[in-house]
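One structure below.
Everything quoted here is computed from the prediction, not taken from an experiment.
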Amino acid sequence: ITATANLNVVSSSAPSELMIAPSAPAVLASASVLGGTSFSPSMNFGGGSGGNVSFFGSQGKTKNLVYVVDVSGSMSTQGENGKSRFDLMKEELARSVSALPISVKFRIILFSDSARYIEQSREESGMLKADDPESFPKRLLVRATRSQVRKTLKEIEGISLGGGTNWRLPLKMAINLQPDLIYFMTDGEFTSDNGKVPVIDDVVDYNRKRSRARINTICLMELKAYDELQELARRT
């Protein structure tokens with residue numbers, strides 16, 4: 001594990017990258033991750049075809065991409081320069097989407113206690129069940145045209161926070177879209193999940209059957225979920 005030279009990110013060299021912006025002083029790099037908008041240099045995941053993409057410094061190549069981002073209440077926690085995790089997430093998500101090549105198709109899924117596509121209201125996500133994929137709303141990936149990117153940027157501005165943290169449902173929703181790359185970003189461990197099968201085992205098995213996507217994990221400013229996110233990245 002190494003720290004990059006100019007940002008608070010620790011990267012694991014597993015085939016699917018684990019990136020962490022930690023709060024622990026022992027692993028801080030020379031500049032605060034909340035202090036700027038650039039997240040390079042970064043490590044390349046390699047392989048695959050399609051357009052070049054990046055999120056929090058994780059660079060990859062993909063045709064079909066799904067962002068899965070945490071909007072739980074803890075994302076309101078502020079960093080040392082006054083910006084919250086939520087502010088940082090919205091800024092980087094907007095930057096990443098704005099840079100998508102037109103050859104890439106994508107979707108954004110937001111999650112807390114439940115999960116929803118970014119264009120859905122919070123109320124629409126209340127009845128979803130992780131053990132019932134047929135209850136998931138049906139969507140297709142959309143191409144990153146200029147008009148679609150503009151629409152998505154407005155939706156990013158309107159994101160709201162609240163609730164706990166349930167990984168199982170949003171990851172399965174993302175896998176159902178059959179992407180070849182998923183960016184999964186959270187600021188901590190799951191806090192609300194009653195599944196009978198452990199989350200990582202369940203998600204990896206579901207992915208193997210439905211999509212075989214690479215799931216690249218990003219843990220924002222919090223180390224509690226390190227082991228689980230590392231395992232999820234490694235096993236996909």
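Side-chain contact between P179 and T62 is absent, with no heavy-atom pair separated by less than 4.5 Å. Proximity of V203 to I215: side-chain heavy atoms (C-beta onward) are separated by under 4.5 Å at one or more points. L169 has its side chain out of reach of F111: every pair of non-hydrogen atoms, C-beta onward, lies at least 4.5 Å apart. When side chains are defined from C-beta on, P137 counts as touching M173, because their heavy atoms get closer than 4.5 Å. Between N176 and R210 there is a side-chain heavy-atom pair separated by less than 4.5 Å. Side-chain contact between L93 and F55: present, with at least one pair of heavy atoms (C-beta onward) separated by less than 4.5 Å. For the pair N166 and D113, the minimum side-chain heavy-atom distance is 4.5 Å or more. A 4.5 Å side-chain heavy-atom check between K83 and L88 finds every atom pair outside the cut-off.
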Check against side chain to side chain contact (heavy atoms under 4.5 Å, CB included), S54 and R95 | CA-CA 9 Å; S54 70; R95 186 213 58 78; 3.0 Å; yes

Just do the side chain to side chain contact (heavy atoms under 4.5 Å, CB included) check on D180 and K63 with the steps written out, would you?
-> CA-CA 7 Å; D180 43 53; K63 292 180 179 178; 3.8 Å; yes

Do N64 and Q178 pass the side chain to side chain contact (heavy atoms under 4.5 Å, CB included) test, and can you show the C-alpha distance, the side-chain angles, and the key distance before you say yes or no?
-> CA-CA 8 Å; N64 301 306; Q178 297 187 313; over 6 Å; no

Side chain to side chain contact (heavy atoms under 4.5 Å, CB included) evaluation trace for M89 with V71 = CA-CA 9 Å; M89 179 274 288; V71 294; 4.1 Å; yes

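Taken to the nearest 0.5 Å, the CG atom of L220 stands 10.0 Å off from the CD atom of E92.
The neighbour count for K105 NZ, taken as heavy atoms of other residues, nucleotides or ligands under 6.0 Å away, does not exceed 12. Atom NZ of K138 has more than 12 heavy atoms from other residues, nucleotides or ligands within 6.0 Å.
Here the closest non-hydrogen pair linking R143 and I102 is CG-O, 2.9 Å.
Looking only at atom types and distance, the side chain of Y183 has no donor-acceptor partner in the side chain of S58 under 3.5 Å away. For Q148 and T152, the side-chain atoms include at least one donor-acceptor pair closer than 3.5 Å.
The only member of R235, R208, R168 that meets salt bridge (Lys or Arg N to Asp or Glu O under 4.0 Å) when paired with D201 is R235. Here the rule is side-chain contact (heavy atoms from CB on, under 4.5 Å) with F106, and of L177, V97, V66 only V97 fits it. Screening K151, K154, R139 for a salt bridge (Lys or Arg N to Asp or Glu O under 4.0 Å) with E119, the sole residue that qualifies is R139.
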